[in-house]
Amino acid sequence: MSFSYDRLWKKLIDEKMNKTDLQEAIQTTPKTIAKMGKDKNVSLETLGRICELFKCDIGEIIEYKEKKD
């Protein structure tokens with residue numbers, strides 16, 4: 001099971017933000033942003049803060065991708 005944060009990165013471009021802006025806005029660490037950059041798992045709390053920031057649903061920032069064998 002894996003998730004992609006491509007939708008989040010597109011949203012950042014649309015909002016004219018970079019990853020540092022996001023990190024500061026949701027008050028998280030560079031390590032968390034790096035994990036998302038590698039499509040690793042992060043806490044639901046972090047994802048909730050992102051949704052709150054953009055006033056969006058979680059499906060607008062992450063996407064489930066089936067793992068290929």
Between [X] and [Y], which heavy-atom pair has the shortest distance, and what is it?
X	Y	answer
S4	D39	CA-OD1, 3.6 Å
L47	V42	CD2-CG2, 3.8 Å
R7	G59	NH1-O, 2.5 Å

For [Y], is there any backbone N or O sitting under 3.5 Å from a side-chain donor or acceptor partner on [X]?
X	Y	value
S2	K65	yes
D57	E60	no
Y5	K40	yes

Rounded to the nearest 0.5 Å, how far apart are [atom1] of [X] and [atom2] of [Y]?
X	Y	atom1	atom2	answer
I33	Q23	CD1	CD	5.5 Å
M36	I62	CE	CD1	10.5 Å
T46	N41	OG1	CG	11.5 Å
D6	I61	CG	CD1	12.5 Å
F54	I26	CZ	CD1	8.5 Å

Worksheet, complete the sentence: By side chain to side chain donor-acceptor pair (under 3.5 Å), T32 pairs with (sequence neighbours left out) T28, T29

Discussion item. Please enumerate all residues that pass side-chain contact (heavy atoms from CB on, under 4.5 Å) together with E45, with sequence neighbours excluded.
Written reply: S43, R49

Worksheet item: Any side-chain heavy atom of M17 within less than 4.5 Å of one from L53?
Response: yes

Worksheet item: Are L44 and I50 in one and the same hydrophobic cluster, where Ile, Leu, Val, Met, Phe, Trp and Tyr link if side-chain heavy atoms are under 4.5 Å apart?
Response: yes

